[in-house]
Every structure is written in structure tokens, then in C-alpha cells.
2 protein chains.
Amino acid sequence: MGVVRKTQSVSLVLEAFKADSKAISVIDLVDRFNDKINKTTVYRVLDRLEDDGVLHSFLGVNGIKWYAPCKDCSEHKHSDVHPHFQCTDCGKIDCLNVDITIPKLPNREVVGAQVLIQGKCEACCN
Amino acid sequence: MGVVRKTQSVSLVLEAFKADSKAISVIDLVDRFNDKINKTTVYRVLDRLEDDGVLHSFLGVNGIKWYAPCKDCSEHKHSDVHPHFQCTDCGKIDCLNVDITIPKLPNREVVGAQVLIQGKCEACCN
DNA sequence: AGTATATTTGCAACTTAGTTGCATTAATAG
DNA sequence: CTATTAATGCAACTAAGTTGCAAATATACT
């Protein structure tokens, strides 16, 4: 179901994620492409790529949207239960390959969770 | 150090939290008091109450700011490691009295974490 | 290749959450 | 009850994200 067309904008965005394979904030992407892709288009491309299971999104410390490449996400079932780590020094975000166990909650039906761990990243620890 | 004066605005805001003791979004508070307290003042009162360790803040699903009464938070050391639960049906948020264990991360210094669990709340499960 | 169709894009204008500066008001100390 | 300092209201602003619509472009079909 190639709902997502391989346009120039899509290629550019995907290249950005291939380059450093970390999470990138929408703001950063909009800024990075501000002479090549329109702001609105960046938002829409990211939206489509998320729908297609290529990227997944989450919120950083200030409620800013970030995207990262999906590894184990399929189009319909996003396994977004992995935590993200945001550095308080440089602000960069990594996806962590760790599983966080969400406790069973009586009388509640859990469908997902967002975990954002804050601290100093590997680079900033030196 | 009574840096926070007991003004009318502060009393009104505190009453709101005493009333239902759940988390309340800033948007809700601004709206609730829109004929009694100026929007800017609501933001500033919440800010001060958080500094004083009376309330703690966190972000809901759409990056909207929420506040909840602190139980074990002191003025200088906020023990904000408890998770929050946001209902996907009614949108309300509870503080959970559960501890989430953050895994040890090699080469990183963890200073905190924000955990937002999503699902159906007790009321909406019936 | 050339054309039809549907998706994608750019633009401008808008919405919404949150912030800032500054003059006025009100709480507390003395 | 006055002086001092913190708190408030207002208006204007910032920044992230959205919407509608006309123009452009990718794909499917012949």
C-alpha cells in the first residue's frame, strides 16, 4: 500500500534520519530544511512517515515533538514502550534499547506509556 | 522563607487543588478562573507554588502542562519519579503511588524521569 | 512517451500555549 | 499606618503547530 509517495521531501527527511540515527526534533528539521522544504510540508511528511511505521514520535522536555526511526514498529502496532533519554546539557535525545516494566494497575486498562529519562548523555559525561 | 505571599489568587488556586486533589491542567485553571484571575497570574502563581514545593508540574499527552499537589516533595528536592496516568477517554490525569524503576544506564548520569502511562481510568472502565 | 488522477506541496493566514515589560495594586514588616 | 517589595492586570508578543486552497508533482494507465 504505497500511500506514501517517494517525493523529494520524503527523501530529504529520511536522509536526515539515516545520517545520525538519533531522534530529531521537528523544530530542528524545519530549521534544517527551511530553504528546501516548507514548514507545513515537514510536519506533513513526518506525519505520513509515522503513519507508515517508518518513524515514531514523542515529546521532549518542553513539549516539543521529536521523531526517531522505528526499529520494531509495524504499520499498525507501534511498540513505543522503550524509553527515551534526553541530555540536560546538550538537549539531544536517544532511544534506549531497554524495556521499562509498567506495573499492573487495578481497575485500569493500560494501553501505552511514555518514558523520558533525563540526565547527562555519554558525550556530555566526559 | 515566605517568598510566596498569601494572596487571593494563591488561595483560589490552592482551593481548586484541595477540592479534587487530582492533577489539573493549566488550561483548565486559566479557563476556570477567567473572570477572577488573569491568565498571566495563573501561570505565575503555579510557578511560585511549584518553586515552593506545594505543587509539581509535568506534561500531558499533547505537551500541555499539568499541576498536581506534592506529597513527598520538599522545596529543594522534588521526588517526581512517580508516574502519571492519563485517561484516553476522559483525559483526566492521576498521580500514581507506584515506583517505577529506572534501569542503570552505562556512561550516563540519570537525574530524573517522566513517566506517563496511558489507558482507561477507573471511572471510564465501567 | 503522454495523459489522467490523486497525492503532495507552498503559501498565507490562523490557532493555541505560554511569555514579557511595565505600570498599578496589594500584602507584609516595621 | 506608612514604606517596601512582591504580586497582579493588561496588551502585545513569541513559538509550535494547523488549515484551506490553488499549484505542482508522483504514479498508474494506455
Side-chain angles (χ1 to χ4, degrees), chain A residues 1-16 23-68 75 84 86 91 93 114 116, chain B residues 1-17 23-68 75 84 86 91-93 114 116:
Chain A
M1 306 298 241
V3 184
V4 174
R5 291 187 176 176
K6 270 159 207 155
T7 66
Q8 224 167 18
S9 314
V10 170
S11 309
L12 280 170
V13 169
L14 286 180
E15 270 174 43
I24 312 178
S25 73
V26 180
I27 298 187
D28 185 359
L29 285 168
V30 168
D31 191 58
R32 213 182 277 198
F33 294 123
N34 75 344
D35 52 343
K36 292 185 180 151
I37 315 177
N38 183 273
K39 176 174 76 156
T40 311
T41 304
V42 174
Y43 279 98
R44 291 195 273 222
V45 165
L46 292 168
D47 225 45
R48 266 181 279 143
L49 290 173
E50 182 170 29
D51 276 353
D52 252 37
V54 180
L55 302 176
H56 67 274
S57 73
F58 56 93
L59 299 176
V61 271
N62 296 117
I64 293 171
K65 211 168 187 182
W66 289 69
Y67 281 87
E75 189 168 342
H84 296 101
Q86 182 156 28
I93 302 189
Q114 296 179 26
L116 184 66
Chain B
M1 305 301 236
V3 185
V4 174
R5 290 186 177 177
K6 270 159 207 155
T7 65
Q8 224 167 20
S9 313
V10 170
S11 309
L12 279 170
V13 169
L14 286 180
E15 271 174 43
F17 283 101
I24 313 178
S25 73
V26 179
I27 298 188
D28 185 359
L29 284 167
V30 168
D31 191 60
R32 214 183 278 198
F33 294 124
N34 75 343
D35 52 344
K36 292 186 180 152
I37 316 177
N38 184 274
K39 175 175 75 156
T40 311
T41 305
V42 174
Y43 278 98
R44 291 195 273 221
V45 165
L46 292 168
D47 225 44
R48 267 181 279 142
L49 290 173
E50 183 171 29
D51 277 352
D52 252 38
V54 181
L55 301 177
H56 67 273
S57 72
F58 56 93
L59 299 177
V61 271
N62 295 118
I64 293 172
K65 212 167 186 182
W66 290 69
Y67 281 86
E75 188 169 343
H84 296 100
Q86 181 155 27
K92 286 184 188 163
I93 302 190
Q114 296 179 26
L116 183 66

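These numbers come from a predicted model, not from an experiment. Reminder, nothing fancy here: chain letters follow the sequence lines and each chain counts from 1.
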Name every donor-acceptor pair, under 3.5 Å, that has one atom in a side chain of residues 36-45 of chain B and the other anywhere in the protein, sequence neighbours excluded.
unit_1  : atom_1 : unit_2  : atom_2 : d
B/Asn38 : OD1    : B/Thr40 : N      : 2.8
B/Asn38 : OD1    : B/Thr40 : OG1    : 3.1

Look at A/Asn38 and C/dC11 and indicate whether a side-chain polar atom (N or O) is within less than 4.0 Å of OP1 or OP2.
->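 It does, given that an N or O in the side chain of A/Asn38 lies less than 4.0 Å from OP1 or OP2 of C/dC11.
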Using a cut-off of strictly less than 4.0 Å, decide whether A/Ser9 has a side-chain nitrogen or oxygen near OP1 or OP2 of C/dT9.
->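 The answer is yes; a side-chain N or O of A/Ser9 sits under 4.0 Å from OP1 or OP2.
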Contact residues, residues 28-37 of chain B to DNA chain D [heavy atom, < 4.0 Å] |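 Result for residues 28-37 of chain B: B/Lys36, B/Ile37, sorted by number.
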For [X] and [Y], which heavy atoms make the closest approach, and how far apart are they?
X: B/Gly60; Y: B/Trp66; result: N-CD1, 3.6 Å
X: A/Ala16; Y: A/Leu29; result: CB-CD2, 4.2 Å
X: B/Phe58; Y: B/Ala23; result: CZ-CB, 3.8 Å

Provide a list of protein-nucleic acid N or O atom pairs under 3.5 angstrom, restricted to nucleotides 15-18 of chain D.
unit_1 : atom_1 : unit_2  : atom_2 : d
D/dG17 : OP1    : A/Lys65 : N      : 3.2
D/dG17 : OP2    : A/Tyr43 : OH     : 2.8
D/dG17 : O5'    : A/Tyr43 : OH     : 3.4
D/dG17 : N7     : A/Lys39 : NZ     : 3.2
D/dG17 : O6     : A/Lys39 : NZ     : 2.8

Here the side chain to side chain donor-acceptor pair (under 3.5 Å) pairs for residues 7-16 of chain A, sequence neighbours left out, are none
Rounding to 10 degrees, work out the angle separating the end axes of the helix from C/dA1-D/dT30 to C/dG30-D/dC1 (five pairs an end).
-> 40°
Sugar-phosphate or base contact per nucleotide [nucleotides 22-29 of chain C; S, B, -; heavy atom under 4.0 Å] = ----BBS-
With B/Asp28 via salt bridge (charged side-chain N to carboxylate O under 4.0 Å, His left out) - residues at least two apart | B/Arg32
Identify, with sequence neighbours excluded, every residue that meets side-chain contact (heavy atoms from CB on, under 4.5 Å) alongside A/Leu14.
->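 Expected list: A/Val10, A/Leu49, A/Val54.
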What nucleotide among D/dC10, C/dT9, D/dA7 has an atom nearest to a side-chain atom of B/Arg48?
->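 Output: D/dA7.
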